[in-house]
J.: 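Quick one: the structure is below, questions incoming.
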Amino acid sequence: MSEVKILKKKLELYGEYSRMITEKEKQLDRIVMASINHSGNDHKAAKELGYSSDDPKKPIENMMIIDLISFEKDIQDLEMERDYLGINEFISDLSDEDYEIIKMAFIEDCSHEDIGFQLGYSKQWVQKKISAILERVVATT
């Protein structure tokens, strides 16, 4: 497999990890915001979030706190796995325009057509630009 294809696969994985992290962060934020909205009354917050339990040994506020801790741990684990791909340095070295295109293509999972529409370019231009970015990165590493 060519180095460009390997980089592209890593970027696809990086994007998948980033989307999973974002989803976990949204779930975590829902819990935190509910707790804040109820002035730290976790029982009311858990109830608002739809937690329920008929088991007195499993209070809903404990279930919510366990989820909160699990989401935090999941985010840490996903970030570690994503970092292991070694893409962070590559992404931080991109120009603003190149970063936006790579972010849209791989992290936001936009089609080349959508990227072109949003940036005012054709689908073909976007495809060529992504290829050029990947080839340039491979050539400089």
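We use all heavy atoms of the structure for the numbers below, so side chains are in, but hydrogens, waters and symmetry mates are not.
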J.: At what distance, to the nearest 0.5 angstrom, does CE of M64 lie from CD1 of I69?
T.: 10.5 Å

J.: For the residue pair E113 and K123, what are the closest heavy atoms and their distance?
T.: N-CG, 4.0 Å

J.: Could you grab the distance from atom CD1 of I130 to atom CD1 of I102, nearest 0.5 Å is fine?
T.: 5.5 Å

J.: Nearest 0.5 Å, what's the CH2-CG distance between W125 and L119?
T.: 7.0 Å

J.: Heavy-atom distance under 4.5 Å between the side chains of I66 and S70, does that happen here?
T.: yes

J.: Is the closest side-chain heavy-atom distance between K26 and T22 below 4.5 Å?
T.: yes

J.: To the nearest 0.5 angstrom, please state how far the OH atom of Y99 sits from the CG atom of D93.
T.: 13.0 Å

J.: Side-chain heavy atoms nearer than 4.5 Å, only ILVMFWY residues, links allowed to pass through others: does that put V32 and I60 together?
T.: yes

J.: Of all the heavy-atom pairs spanning C110 and I115, show the shortest one and how long it is.
T.: CB-CG1, 3.8 Å

J.: Taking all heavy atoms of S52 and all of M63, pick out the closest pair and write down the distance.
T.: O-CE, 3.8 Å

J.: State whether the side chain of S53 and the backbone N or O of K58 hold a donor-acceptor pair below 3.5 Å, judged by distance alone.
T.: yes

J.: Less than 4.5 Å apart, any side-chain heavy atom of S2 and any of K5?
T.: yes

J.: Between M80 and F71, is there a shared hydrophobic cluster once you connect ILVMFWY residues whose side-chain heavy atoms come closer than 4.5 Å?
T.: no

J.: Can you confirm whether E3 is buried at CD, in the sense that more than 12 heavy atoms of other residues, nucleotides or ligands lie under 6.0 Å from that atom?
T.: no

J.: Is any side-chain N of the basic residue among K129 and D98 closer than 4.0 Å to the acidic one's carboxylate O?
T.: yes

J.: Taking N37 for the side chain and M33 for the main chain, is one N or O donor matched with an acceptor at less than 3.5 Å?
T.: yes

J.: Counting C-beta onward and ignoring hydrogens, is there a side-chain heavy-atom pair between H43 and P59 closer than 4.5 Å?
T.: no

J.: Could you go through K9 and L13, starting from their C-alpha distance and side-chain angles, then the distance that decides it, and tell me whether this counts as side-chain contact (heavy atoms from CB on, under 4.5 Å)?
T.: CA-CA 6 Å; K9 280 290 181 199; L13 284 171; 5.7 Å; no

J.: Taking everything shown except R19 itself, do over 12 heavy atoms lie less than 6.0 Å from its CZ?
T.: yes

J.: Tell me, do I133 and R136 make a side-chain contact under 4.5 Å, heavy atoms counted?
T.: yes

J.: Kindly work out whether a path of hydrophobic side-chain contacts (I/L/V/M/F/W/Y, heavy atoms less than 4.5 Å apart) joins Y84 to F90.
T.: no

J.: With rounding to the nearest 0.5 angstrom, report the CD to CG distance, E16 to L85.
T.: 10.0 Å

J.: Under 4.5 Å between any side-chain heavy atoms of K47 and H38, yes or no?
T.: no

J.: Mind checking the CD-OG spacing from E61 to S35? Nearest 0.5 Å is all I need.
T.: 11.0 Å

J.: With a 4.5 Å heavy-atom cut-off, do D67 and Y51 have their side chains touching?
T.: yes

J.: Assess whether atom CG of D55 is packed by more than 12 heavy atoms of other residues, nucleotides or ligands within 6.0 Å.
T.: yes

J.: Looking at E72, I want to see if its CD is surrounded by more than 12 non-hydrogen atoms of other residues, nucleotides or ligands under 6.0 Å.
T.: yes

